[in-house]
Amino acid sequence: MYDIIIIGAGPAGLTAAIYARRAAKSVLVLEAKFYGGQIINTPDIENYPACAHVSGYDFAGKIYEQAKALGAEILYEKASEIKDNGDEKEVITDEGSHLARAVIIATGSKNRKLGLEGEDELIGRGVSYCATCDGAFYRKKAVAVVGGGNTALEDALYLADIVEKVYLIHRRDSFRGDEATAELLKGRGNVEFVLNSTVTKLNAQNTLESVEVTDNSGKTRTLEVSGLFVAVGRIPENKEFGELVKLDENGYIVAGEDCVTSARGIFAAGDNRVKTVRQLVTATADGAVAATEAIKYLKEKI
Ligand code: NAP
């Protein structure tokens, strides 16, 4: 039996592994796809302290190597369930099952996509799901943001300070996000609202060149943009654990800054828990906190 099983080998999970191993706990990390999580797709990270420029691939590789060198065991298996038998937790995977005294769920979340042809291929070449990560690459260019929630509104506001022009495309005529932020956007001379409209086509040679938007009457317009920031919500990867830990109405694990969930000995770290800022730095911070709380929990059990 392991001291701690960590589900997910993204920045949160691997940081938790580093902290747990440094406290001499036995650690198994389970990963369904490949280590690194969503950061692996980011071409250039500019906002992580002490790393002015690092590719997501290199960053993920370094945390992975660090966790491995410290003795974390990593298996590529998809966790489908956690059976909570009190002091013993059983994690069921597609390959079998593993036992631990504590579990950290660090499964992250995935971007909701528009489902347009070419969307996946253009990630990093015009299509982005993170304005704070990629906005600086579009300095003095025209971009579009799609979505009507707080993320889209705040992304548009953030980008308006950097880029030449922002089109904010939303499928309805009123925003789901805060009125105050929408009012701030109205005051920006370089932001144009494109309401009652959806993006229907991406035009690209090698990189994005324009997007086609179609309004509710069926009229189509082409917007010359080199960046499209998709902010139509995220999907937390928690559905396997909803029976065990409390989730909020959007499917995020209810856990505060201490990463403690509603189930004793089960912790949540990273983008899959309720929080306001979902960034690389907050994911790694969660990893440290969740591991520290798990270690504290194990000590109380001795
Ligand atoms: P969200 O609130 O779920 O908004 C998603 C937006 O995308 C909605 O406007 C929705 O349109 C639109 N949408 C969904 N699917 C679409 C599709 N296929 N095509 C086009 N548009 C689509 O997501 P979010 O903005 O990421 O925010 C998530 C949560 O975090 C919210 O609770 C939000 O308030 C919170 N948040 C808070 C802050 C803050 O407090 N500063 C900052 C960011 C986010 P409809 O409106 O028509 O459904």
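Counting starts at 1 for both ligands and their atoms, following the listed order.
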(message) Just to verify, which of E73, K25, H98 counts as forming a side chain to side chain donor-acceptor pair (under 3.5 Å) with Y2?
(response) E73
(request) State whether the shortest distance between N or O atoms of G149 and N or O atoms of ligand 1 falls below 3.5 angstrom. (result) yes
(message) Just by distance, no angles: are the side chains of S97 and E90 close enough, under 3.5 Å, to form a donor-acceptor pair?
(response) yes
(request) May I ask you to identify the nearest protein heavy atom to atom 32 (O) of ligand 1, giving residue, atom name and distance to one decimal place in Å? (result) N250 ND2, 4.3 Å
(request) Report, in ascending order of atom number, the atoms of ligand 1 lying under 4.0 Å from any heavy atom of R172. (result) 45 (P), 46 (O), 47 (O)
(request) Say whether V127 and V199 are linked into one hydrophobic cluster, either directly or through other cluster members, by side-chain heavy-atom distances under 4.5 angstrom. (result) yes
(request) Report yes or no: does a heavy atom of R234 sit under 4.0 Å from some atom of ligand 1? (result) no
(request) Measure the distance from atom 36 (N) of ligand 1 to every protein heavy atom, then report the residue, atom name and distance (to 0.1 Å) of the closest one. (result) N150 CB, 3.8 Å
(request) Report yes or no: does a heavy atom of H170 sit under 4.0 Å from some atom of ligand 1? (result) yes
(message) Within the protein, is there a heavy atom lying under 4.0 Å from atom 22 (C) of ligand 1?
(response) yes
(message) With side chain to side chain donor-acceptor pair (under 3.5 Å) as the rule and sequence neighbours excluded, what pairs involving residues 246-259 come up?
(response) E257-R273
(request) Please indicate, with yes or no, if any protein heavy atom is found under 4.0 Å from atom 15 (N) of ligand 1? (result) yes
(message) Quick check on contacts: which atoms of ligand 1 are under 4.0 angstrom from a heavy atom of V232?
(response) 5 (C), 7 (O), 13 (N), 14 (C), 15 (N), 16 (C), 20 (C), 21 (N), 22 (C)
(request) Answer yes if V274 and L247 sit in the same cluster of Ile, Leu, Val, Met, Phe, Trp and Tyr residues linked by side chain heavy atoms under 4.5 Å apart, and no otherwise. (result) no
(message) Does any part of the side chain of R264, heavy atoms only, come nearer than 4.5 Å to the side chain of K301, both counted from C-beta?
(response) yes
(message) Using heavy-atom distances only, which candidate in L114, L116, N111, I169 approaches atom 19 (N) of ligand 1 most closely?
(response) L114
(message) Using modelled atom types and a 3.5 Å cut-off, is there a donor and acceptor pairing between side-chain atoms of D271 and backbone atoms of R278?
(response) no
(request) Find all atoms of ligand 1 within a distance of less than 4.0 Å from any non-hydrogen atom belonging to G148, and give their numbers and elements. (result) 6 (C), 7 (O), 8 (C), 9 (O)
(message) Is atom 44 (C) of ligand 1 near the protein, in the sense that some protein heavy atom lies at less than 4.0 Å from it?
(response) yes
(request) List, by chain and then residue number, the residues other than L184 in its hydrophobic cluster (Ile/Leu/Val/Met/Phe/Trp/Tyr, side-chain heavy atoms under 4.5 Å); write none if there are no others. (result) F137, Y138, V143, V145, L153, L157, Y158, L159, I162, V163, V166, L168, F175, L185, V191, F193, L195, F229
(message) Show me which atoms of ligand 1 lie under 4.0 Å from any heavy atom of E154.
(response) 38 (C), 39 (C), 41 (N), 42 (C)
(message) Yes or no, since that's all I need: does a protein heavy atom fall within a distance strictly under 4.0 Å of atom 6 (C) of ligand 1?
(response) yes
(request) Please tell me if the side chains of R234 and T151 come closer than 4.5 Å, counting only heavy atoms from C-beta onward. (result) no
(request) Specify whether the nearest protein heavy atom to atom 47 (O) of ligand 1 is under 4.0 angstrom away. (result) yes
(request) Number the atoms of ligand 1 from 1 as they appear, then name those within less than 4.0 Å of a heavy atom of T151, with their elements. (result) 24 (P), 25 (O), 26 (O), 27 (O), 43 (C), 44 (C)
(request) For atom 10 (C) of ligand 1, state which one of R278, R171, K275 supplies the nearest heavy atom. (result) R171
(message) So does S26 get a backbone contact from the side chain of D3, meaning a donor-acceptor N/O pair under 3.5 Å?
(response) yes
(message) Please list the nearest protein heavy atom to atom 2 (O) of ligand 1 with its residue and the distance rounded to 0.1 Å.
(response) R176 CD, 3.4 Å
(message) Assess the residue pair K141 and E164 against the criterion (side-chain contact (heavy atoms from CB on, under 4.5 Å)); give the C-alpha distance rounded to whole Å, side-chain angles, the decisive distance to 0.1 Å, and a yes or no.
(response) CA-CA 5 Å; K141 293 182 177 167; E164 190 172 277; 5.9 Å; no
